[in-house]
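Here's the structure, in structure tokens; my notes come after.
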Amino acid sequence: MQDNHKVVEAYERGWLIFGLAMILVFIVIISYTVLNRGETISRGAGQIDVATVRTTSPFANPRVEQVGGEYVAYVQAFAFGYLPAEIKVKKGIKVTFYITSPDVQHGFYVEGTNINPQIIPGEVTKLEYVFKKAGTYRIVCNEYCGIGHAQMFGKIVVEE
Ligand SMILES: [Cu+2]
């Protein structure tokens with residue numbers, strides 16, 4: 001009797017190679033965009049007591065500060081809006097956002113950019129961004145958060 005069994009069939013090897021090649025292609029594309037295209041990756045920047053967000057935390061006084069030639073913004077995403085209601089920065093200068101929520105989960109999508117993190121109560125989200133074009137950017141909540149969700153907007157004004 002002839003033994004037709006092979007450990008790896010030819011077509012099987014073909015698909016394995018295809019699969020591995022696709023993984024490699026994705027790694028290359030993602031590495032390239034992260035390093036060269038200014039993709040924005042948000043990170044967790046620690047935990048925070050939800051009960052103190054509005055009173056004694058660094059977010060109790062939502063603001064944009066200039067620190068050593070850069071901006072640092074402490075932002076509250078709440079039901080249903082953002083504080084500060086208007087974030088004013090200059091173009092070409094790095095902005096580090098720290099964002100948290102005093103109530104439920106929200107989103108912080110900045111139209112026309114790739115900023116789109118989730119804002120989770122009890123967590124601080126950190127992200128860095130350099131606005132290259134002056135103008136007004138709308139902030140949109142991308143996480144359903146209740147009755148006023150559809151009216152939850154903020155504003156970033158980038159000046160020349
Ligand atoms: Cu919301």
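Start at 1 and go down the list; that is how both ligands and their atoms are numbered.
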Problem set entry | the Cu ion (ligand 1): protein N, O or S atoms [distance under 2.8 Å] | His106 ND1, Cys141 SG, Cys145 SG, Met152 SD
For this session: Please answer whether the main-chain N or O of Glu143 pairs with a side-chain N or O of His149 as donor and acceptor at a distance below 3.5 Å.
Result: yes
For this session: Ignoring hydrogens and angles, tell me if any N or O in the side chain of Thr125 forms a donor-acceptor pair with the backbone of Gln118 under 3.5 Å.
Result: yes
Exercise. With Tyr11, which residues qualify under ring pair (Phe, Tyr, Trp, His ring centres under 6.0 Å), at least two apart?
Worked result: none
Problem set entry | Donor-acceptor pair, side chain of Ser101 and main chain of Val104, under 3.5 angstrom | yes
Exercise. Less than 6.0 Å separating the ring centroids of Phe108 and Tyr82?
Worked result: yes
For this session: Would you check if the side chain of Thr100 reaches a backbone N or O of Glu123 as a donor-acceptor pair within less than 3.5 Å?
Result: yes
